[in-house]
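The next block holds one structure in the form of structure tokens; read it before the comments.
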Protein chains: 2
Amino acid sequence: MGLTRTEIFTEEQNLLASLFKAMAHPARIAILQRIILSNTCICGDLVGELGLAQATISQHLKELKSAGLIQGTIEGVSVCYCINPKVWKLLENRLGEFLGSYKGTTECC
Amino acid sequence: MGLTRTEIFTEEQNLLASLFKAMAHPARIAILQRIILSNTCICGDLVGELGLAQATISQHLKELKSAGLIQGTIEGVSVCYCINPKVWKLLENRLGEFLGSYKGTTECC
DNA sequence: AATAATGATCGTAATATTGCGATGTAATTA
DNA sequence: TAATTACATCGCAATATTACGATCATTATT
């Protein structure tokens, strides 16, 4: 017990859940917003701007990266992160589909 | 340590994160999909259809309810759940806004 | 080469999540 | 009223997440 039984769900359900999970933390939302804002990538800035330790930021970045939402390239001494356009589009599509599948027509409960 | 430092983030960031968190599990995605499918509410059916114990389903329903995504009303001996249209719309708007704020214009990393 | 700067990773403590059996509760049926 | 049905809640074990200090690796500067 204690671990998600992914095997009993569909690919789609697991994919959506994992994308949601990657964004299910205010720090990661903040990181994404910050990256989007200054379209051109950043990184060390994040440590200064969010009030979290460097190790913590790095960990959150890793999660976003392993979910595919962002990508990072080494740029001299620092690392430049930016949105992964492909995955972002996929997310937009799947999410739009999922959320849009509910047409609040008939009032029930 | 070990607990999310919500106080250092904005309302918006915390709200988005909590909505994502509510949906960050395949079982809860499955439950939402199932509720959406048969627009009219259900409940005990879920236990039969997803391969999880009744206690587990009940727990997931509670999380979805406390996030405001669904609502339940007692219907005789059983409980009828359905989407909370208001929160769903809010979710659609906020999410659309957030995802849409990225215009994959300039390629960077 | 020595030092500094930038991040990643490790180890650890605190807390949260997931899943389930067992039990409790309220309404329905016999 | 007793039994049944449909859920909720409790309590527990296994695992995951969050945060951070400390340390490691890599590149840049002196």
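The shown structure was predicted, so the numbers you read here are calculated from the model rather than taken from an experiment. To find a chain, count down the sequence lines: A is the first, B the second, and so on, and within it residues start at 1.
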Using whole Å, what does the distance between atom [atom2] of nucleotide [N] and atom [atom1] of [X] come to?
X: A:I42; N: C:dG7; atom1: CD1; atom2: P; value: 10 Å
X: A:L3; N: D:dT17; atom1: CG; atom2: P; value: 11 Å
X: A:K62; N: C:dG7; atom1: NZ; atom2: C1'; value: 12 Å
X: B:H60; N: C:dC20; atom1: NE2; atom2: C1'; value: 11 Å
X: B:E63; N: D:dT9; atom1: CD; atom2: P; value: 13 Å

Under a single-linkage definition using a 4.5 Å side-chain heavy-atom cutoff for Ile, Leu, Val, Met, Phe, Trp and Tyr, are A:I74 and A:L46 assigned to the same hydrophobic cluster?
->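 Yes, A:I74 connects to A:L46 through the hydrophobic network.
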Transitive ILVMFWY side-chain link A:I8 to B:L50, under 4.5 Å |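 Yes, A:I8 connects to B:L50 through the hydrophobic network.
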Can a side chain N or O of [X] be found less than 4.0 Å away from OP1 or OP2 on [N]?
X: A:T56; N: D:dC20; value: yes
X: B:S58; N: D:dC7; value: no
X: A:Y81; N: C:dA8; value: yes

Closest contact, heavy atoms only, B:P26 versus A:T4 =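 Minimum heavy-atom separation between B:P26 and A:T4: CG-CG2, 3.8 Å.
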DNA chain C: B:E75 or A:I57, which has the more 5' nearest nucleotide?
->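 Residue closer to the 5' terminus by nearest nucleotide: A:I57.
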Applying a 4.0 Å non-hydrogen cut-off, can you work out what [X] is touching in the nucleic acid: base, sugar-phosphate, or nothing?
X: A:A55; answer: base
X: A:S78; answer: sugar-phosphate
X: B:L52; answer: sugar-phosphate
X: A:V79; answer: sugar-phosphate

Hey, which of B:Q54, B:Q59, B:H60 is the one that makes side chain to side chain contact (heavy atoms under 4.5 Å, CB included) with B:T56?
->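 Going through the options one by one, the only one that passes is B:H60.
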Going by an N to O cut-off under 4.0 Å, is there a salt bridge joining A:R94 and A:E12?
->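 Salt bridge present between A:R94 and A:E12.
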Select one nucleotide: of C:dT15, D:dT5, C:dT18, the one nearest the side-chain heavy atoms of A:T4.
->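 That would be C:dT18.
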Check every atom of C:dA8, D:dT5, D:dG21 against the side chain of A:L61 and return the nucleotide holding the closest atom.
->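 Comparing C:dA8, D:dT5, D:dG21 against the side chain of A:L61, the answer is C:dA8.
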Relative to the ring of B:F20, is the ring of A:F20 parallel (under 30°), tilted (30 to 60°) or perpendicular (over 60°)?
->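 Judged by the thresholds at 30° and 60°, the geometry between A:F20 and B:F20 is tilted.
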According to the interplanar angle, ranging from 0 to 90°, do the rings of A:F9 and B:H25 count as parallel (below 30°), tilted (30 to 60°) or perpendicular (above 60°)?
->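 The rings of A:F9 and B:H25 stand perpendicular, inter-plane angle above 60°.
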Of the residues in residues 20-36 of chain B, which ones touch DNA chain D at a heavy-atom distance under 4.0 Å?
->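 Those residues: none at all.
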Tell whether A:Q54 reaches the base of C:dA8 with its side chain through a donor-acceptor pair below 3.5 angstrom.
->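 By the distance-only test, yes, there is a pair.
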Kindly say whether, by distance alone, the side chain of B:Q59 makes a donor-acceptor pair under 3.5 Å with the base of D:dC10?
->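 Flag unset: no donor-acceptor pair detected.
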Whichever of B:F9 and B:D45 has its nearest DNA chain D nucleotide further upstream toward 5' |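 Final value for this comparison: B:D45.
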With a 3.5 Å cut-off and no angle check, do the side chains of B:Q13 and B:T10 form a donor-acceptor pair?
->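 Note: B:Q13 and B:T10 side chains meet the donor-acceptor criterion.
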